[in-house]
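Since the structure comes first, as structure tokens, the remarks are kept for the end.
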Amino acid sequence: MAWTWVLTDSSGNALAELANADGRTLRFKRNTPAEASCTVSHDDPETIEVLTANMPRLKCYRDETLRFHGALSSIDEQADTQASQVVLNFVHPDKLLATRFTTSTHAATDAGTIAWTLINSANSDDDTGIRQGTINTTKSRTREYRFKQVLEAIQQLTAVLDGFDYEVVATEDADDAAELGTITVWQAQGSDQSDARFEYGAGTLANCSSVTRQLLPPVNAVTLEGENGLTVTVTDAASITLYGRYDIFESRTDIADQATLTERAREKLRITPVRILQFTPDPKLAPAPFTGYFLGDTVRFAANRNALDIPEMTPRVQSIEIRIDSSGNESDHVIGIDDQDATL
């Protein structure tokens, strides 16, 4: 599972291989732009290529298969009397949608179609590098946007009840130099990976080296404020009785009618607590990302260490962080999962 990181120009032509970069890390998260980062020295020849290129790109290959294709998002330089370094950050092209805005209306339209329509419109203003992939049928929605950030609009379509999942999959096309990835939309990303088992502690497979656990309360009272003083509060009485009241408030000045505001508020309810887990599999013992599991997949996890007793559960993978050593091999994976039926 060897990785190769290649710096290219804005047309995809190779400039340098980042073979000497430290801290090479890839981050994948459901319905979120993928990220890559690394650190190079001002003394490395490839650093000159980075600093002089016009908006370079990064291609990351895992065993010769392209897994990341993104544009430079930021450069952080530091220098003192001892050493100097440059931190490079790259993002998948859907991050660019945070700089695009839409004023549009979509009546009784499939949510995946809305997402692609917003991206396609952004491409007509200036190419984002995103191409249309498979847009599966999801759920009909009605949306009206006024100067709405496109990425936020799409992510809000994923975050509602029965919301879809999307991923911009890294691609490269010799006939389309601007292409960075294709968007795929699912009703729910992933499948059941029964052989992807991760366990920590005595009497287990012991193929994980660490576990962190966080418990978050429910959201059982939601107040939204819309345009022209519209407000609505929705609650879940059963959840409040069981767990106590947990409120959130948001301003949604892009919503101008009461029915839509109420619907958005109901979609934000989370009537049970959420337990967020992260664990670090041993790359030599545990299933590997991409080939053994990926975002949205259902895996098996269990932990056994005195009070940290987690019977086998079947969560979906929410995030994956891949750390790569100086030889180009995977040194660590950090997997994030959540359990919507946790108890306080």
From the options T113, L157, N136, T138, select the one residue that forms a side-chain contact (heavy atoms from CB on, under 4.5 Å) with V185. T138
If you compare all heavy atoms of N123 against all heavy atoms of G129, which two are closest, and at what distance to 0.1 Å? OD1-N, 4.2 Å
Could you tell me whether the side chain of E263 reaches within less than 4.5 Å of the side chain of R141, counting heavy atoms only? yes
Exam field: side chain T25 to backbone G23, donor-acceptor pair closer than 3.5 Å: yes
Suppose we screen for side-chain contact (heavy atoms from CB on, under 4.5 Å). Which residues come up paired with F249, at least two apart in sequence or across chains? T223, E225
Nearest-0.5 Å distance that lies between atom CD1 in I135 and atom OG1 in T184: 7.0 Å
Is a donor on one side and an acceptor on the other found under 3.5 Å between the side chain of N207 and the backbone of P281? no
Answer yes if the side chains of T260 and D257 hold a donor-acceptor pair under 3.5 Å, and no otherwise. yes
Going by side-chain contact (heavy atoms from CB on, under 4.5 Å), name the residues that satisfy it together with S84, two or more places apart in sequence or in a different chain. H42, A79
Which residues satisfy the ring pair (Phe, Tyr, Trp, His ring centres under 6.0 Å) test with H69, sequence neighbours excluded? none
Test of understanding: with side-chain contact (heavy atoms from CB on, under 4.5 Å), list the residues that count as partners of T182, not counting sequence neighbours. R131, V169, T171, E179
If we ignore angles and hydrogens, is there a donor and acceptor under 3.5 Å between the side chains of R27 and T32? no
What is the distance from atom OG1 of T102 to atom CD of E144, rounded to the nearest 0.5 Å? 11.0 Å
Which atom pair, heavy atoms only, marks the closest approach of W5 to C38? CZ3-CB, 3.9 Å
Report yes if some heavy atom in the side chain of H92 is under 4.5 Å from a heavy atom in the side chain of L180; otherwise report no. no
With sequence neighbours left out, what residues match Y166 under ring pair (Phe, Tyr, Trp, His ring centres under 6.0 Å)? none
Taking only residues two or more places apart in sequence or in another chain, which ones pass ring pair (Phe, Tyr, Trp, His ring centres under 6.0 Å) with Y145? H106
Group every Ile, Leu, Val, Met, Phe, Trp and Tyr by side-chain heavy-atom contacts under 4.5 Å, then state whether I320 and W3 land in the same group. yes
Would a 4.5 Å heavy-atom cut-off, applied to side chains only, mark F90 and L7 as touching? yes
Any donor and acceptor pair, going by atom type alone, linking the side chain of S121 with main-chain N or O of T117 inside 3.5 Å? no
Any donor-acceptor pair under 3.5 Å linking the side chain of T109 with the backbone of A107? yes
Any donor and acceptor pair, going by atom type alone, linking the side chain of Q149 with main-chain N or O of A98 inside 3.5 Å? yes
With hydrophobic residues grouped by side-chain heavy-atom distances under 4.5 Å, do V334 and I276 end up in a single group? no
Is there a side-chain contact between I154 and V150, using heavy atoms and a 4.5 Å cut-off? yes
Which side-chain hydrogen bond (donor to acceptor under 3.5 Å, both in side chains) pairs, counting each pair once, include a residue from residues 194-203, with sequence neighbours left out? R197-E312, Y200-R305
Close side-chain approach of N89 to S37, heavy-atom, < 4.5 Å: yes
Side-chain heavy-atom pair V219, Y246 within 4.5 angstrom cut-off: no
The single option from D127, D125, D94, D126 passing salt bridge (charged side-chain N to carboxylate O under 4.0 Å, His left out) against R100: D126
Please check: side-chain N/O of T280 versus main-chain N/O of S209, any donor-acceptor pairing under 3.5 Å? no
Please find out if less than 6.0 Å separates the ring center of F28 from that of F294. yes
Under 4.0 Å between a Lys/Arg side-chain N and an Asp/Glu carboxylate O for R146 and E227? yes
Same apolar cluster (I L V M F W Y, side chains within < 4.5 Å links), F68/L96: no
OG1 (T8) and CZ (R57) are apart, to the nearest 0.5 Å, by 6.0 Å
Between OG of S331 and CG of D282, what distance do you get to the nearest 0.5 Å? 10.5 Å
Test item: E321 and Q278 side chains (from C-beta on) under 4.5 Å apart, heavy atoms: no
Go through T134 and W186 one step at a time and tell me if the side chain to side chain contact (heavy atoms under 4.5 Å, CB included) criterion holds. CA-CA 8 Å; T134 301; W186 303 265; over 6 Å; no
Shared ILVMFWY cluster between I255 and L230, side chains joined below 4.5 angstrom? yes
For residues L118 and S104, report the shortest heavy-atom separation together with the two atoms involved. CD2-OG, 3.9 Å
Taking T4 for the side chain and Y61 for the main chain, is one N or O donor matched with an acceptor at less than 3.5 Å? no
Going by side-chain heavy atoms closer than 4.5 Å, which hydrophobic residues are tied to L205, directly or by a chain of links? none
Would you call D192 and R300 a salt bridge, taking side-chain N to carboxylate O under 4.0 Å as the test? yes
Count the heavy atoms belonging to other residues, nucleotides or ligands that lie under 6.0 Å from NZ of K148, then report whether that count exceeds 12. yes
Sequence neighbours left out, what passes side-chain contact (heavy atoms from CB on, under 4.5 Å) with A188? Give chain and number order. D165, R316
Of V91, L97, T99, the one forming a side-chain contact (heavy atoms from CB on, under 4.5 Å) with K95 is V91
Taking all atoms of both residues into account, what is the closest heavy-atom pair of R270 and L216, and its distance? NH2-CB, 4.3 Å
For Y293, give me all partners under ring pair (Phe, Tyr, Trp, His ring centres under 6.0 Å), at least two apart in sequence or on another chain. F198
Minimum-distance pair of heavy atoms, taken over all atoms of V168 and P93: CG1-CG, 3.9 Å
Step by step, would you call N220 with R245 a side chain to side chain contact (heavy atoms under 4.5 Å, CB included)? CA-CA 6 Å; N220 48 32; R245 182 167 175 140; 4.1 Å; yes
Backbone N/O of D309 and side chain of N304: donor-acceptor pair under 3.5 Å: no
Other than F101, which residues form its hydrophobic cluster under the rule that side-chain heavy atoms must be closer than 4.5 Å? none
Cluster check I271, L215: I/L/V/M/F/W/Y, side chain < 4.5 angstrom: no
Reported CD1-to-CZ distance for the pair I337 and R275, which is rounded to 0.5 angstrom: 8.5 Å
Can you see which heavy atom on A221 is nearest to which on T235, and at what distance? CB-CG2, 3.8 Å
Distance-only criterion, 3.5 Å: show the donor-acceptor pairs between side-chain atoms of residues 14-22 and protein atoms not counting sequence neighbours.
none

Q193 side chain to S191 side chain, donor-acceptor N/O pair below 3.5 angstrom: yes
Could you check if a side-chain atom of R264 sits within less than 4.5 angstrom of a side-chain atom of R143, using non-hydrogen atoms only? yes
Which distance, rounded to the nearest 0.5 Å, do you find between the CD1 of I310 and the CZ of F301? 5.0 Å
For R62, is there any backbone N or O sitting under 3.5 Å from a side-chain donor or acceptor partner on R67? no
